[in-house]
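Throughout, a chain's letter reflects where its sequence line sits, starting with A, and its residues are numbered from 1.
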Amino acid sequence: MNYWVMKSEPDTFSIDDLKRKKREAWDGVRNYQARNFMRDGMRVGDGVFFYHSNCAEPGIAGIAEVATDAYPDPSQFDPKSQYFDPGSSRDNPRWMLVDVKFVKKLTRVITLKELQAQPNLTDMALVRKGNRLSVMPVTAAEWRAILALE
DNA sequence: GCCAACGTTGGC
DNA sequence: GCCAACGTTGGC
């Protein structure tokens, strides 16, 4: 069982959207490191912090769960999609994704500011300046420490 | 909207 | 293979 944080801009897809839809294919990831985490690291049942980025109150807004193994992101084959990748093929897909299912919305957003203020979380990739990865691993200790803040 | 950080692209 | 130019992310 591993833990992850996945970022989404709430204007595009928020924890409330996931709550309403119950489940979502996490498409559009076009970063190799993030893809590798989904493809090689994620297993069904892994815990996911749903992080709101690029918004008024950036932070962890809810909990989700990995619902599938990785499979090819269909949007890479769709010429009409903003995520279309002409360099990818069905025989040799470049981009993978997982489905994520809603677990719960936190009673409040645990803000980035708050996470940065935790002495035991200073090593966490998420809180380090300039980290733009949209999918990152979280240790079990970090997972517990963050849940305890709610 | 600004800009720092950083990944990607492409000329050489 | 180097690295400048460029594009994107995301906090502020």
Side-chain angles (χ1 to χ4, degrees), chain A residues 2-21 23-42 46-66 70-139 141-143 145-150:
Chain A
N2 290 310
Y3 299 99
W4 309 92
V5 57
M6 297 173 87
K7 296 180 184 174
S8 182
E9 301 191 13
D11 289 348
T12 306
F13 191 80
S14 72
I15 188 69
D16 291 319
D17 294 321
L18 185 63
K19 183 177 185 180
R20 187 167 39 77
K21 295 184 69 176
R23 186 177 170 130
E24 183 76 357
W26 205 265
D27 66 359
V29 171
R30 295 293 180 269
N31 172 284
Y32 288 104
Q33 222 182 326
R35 177 206 66 183
N36 293 348
F37 284 136
M38 289 197 288
R39 187 189 61 188
D40 308 329
M42 288 189 178
D46 282 359
V48 175
F49 282 135
F50 193 111
Y51 181 91
H52 282 174
S53 68
N54 213 354
C55 57
E57 195 178 44
I60 294 167
I63 312 282
E65 194 178 295
V66 175
Y71 62 95
D73 180 345
S75 66
Q76 70 195 304
F77 308 124
D78 177 4
K80 293 190 294 296
S81 169
Q82 60 170 316
Y83 301 124
F84 177 61
D85 182 351
S88 185
S89 70
R90 289 181 187 276
D91 289 345
N92 189 18
R94 183 177 288 172
W95 305 111
M96 307 288 280
L97 56 68
V98 298
D99 287 5
V100 159
K101 74 178 181 191
F102 179 77
V103 174
K104 69 170 198 169
K105 184 178 175 178
L106 296 185
T107 53
R108 65 184 188 86
V109 173
I110 298 172
T111 63
L112 176 63
K113 190 184 286 185
E114 205 176 337
L115 296 172
Q116 287 167 335
Q118 298 299 315
N120 55 340
L121 295 179
T122 49
D123 288 340
M124 197 182 172
L126 179 65
V127 307
R128 284 203 298 264
K129 189 180 178 186
N131 199 317
R132 305 179 309 157
L133 260 188
S134 62
V135 179
M136 282 178 285
V138 174
T139 67
E142 289 162 351
W143 179 268
I146 290 167
L147 282 180
L149 296 174
E150 185 184 358

Exercise. How far does CE of A/Met42 sit from CE of A/Met96, to the nearest 0.5 angstrom?
Worked result: 12.5 Å
Problem set entry | Within-4.5 Å side-chain heavy-atom neighbours: A/Trp95 and A/Tyr32 | yes
For this session: Answer with yes or no whether the side chains of A/Tyr83 and A/Asp78 bring together a donor and an acceptor at under 3.5 Å.
Result: no
Exercise. In whole Å, what is the span from the NZ atom of A/Lys129 to the C1' atom of C/dG10?
Worked result: 12 Å
Problem set entry | Salt bridge present between A/Asp73 and A/Arg30 (N-O < 4.0 angstrom) | yes
Exercise. Tell me: CG of A/Leu133 to C1' of B/dC6, nearest whole Å?
Worked result: 10 Å
Seminar exercise, completed: Rounded to whole Å, the CG-P distance (A/Leu126 to C/dT9) equals 17 Å
Seminar exercise, completed: Between A/Pro93 and A/Ser88 the two heavy atoms that sit nearest each other are CA-OG, 3.5 Å
Problem set entry | Of the listed nucleotides C/dG7, C/dC12, B/dA4, the one nearest the side chain of A/Leu112 | C/dC12
Exercise. At what distance, to the nearest 0.5 angstrom, does CZ of A/Arg128 lie from CG of A/Leu121?
Worked result: 11.5 Å
Exercise. What's the CE-P distance between A/Met136 and C/dT9, to the nearest Å?
Worked result: 14 Å
Seminar exercise, completed: In whole angstroms, the gap separating C1' of B/dA4 from CG of A/Asn131 amounts to 13 Å
Seminar exercise, completed: Between A/Arg132 and A/Arg94, whichever has its closest DNA chain B nucleotide further toward 5' is A/Arg132
Exercise. Among residues 49-62 of chain A, which contact DNA chain C at a heavy-atom distance under 4.0 Å?
Worked result: A/Tyr51, A/Ser53, A/Asn54, A/Pro58
Problem set entry | Distance in angstrom units between A/Asp85 CG and B/dG7 P, rounded | 19 Å
Exercise. Using a cut-off of less than 4.0 Å, is there contact between a side-chain N or O of A/Lys7 and OP1 or OP2 of C/dG10?
Worked result: yes
Problem set entry | Length of the line joining A/Arg35:CZ and B/dG7:C1', which is rounded to integer Å | 14 Å
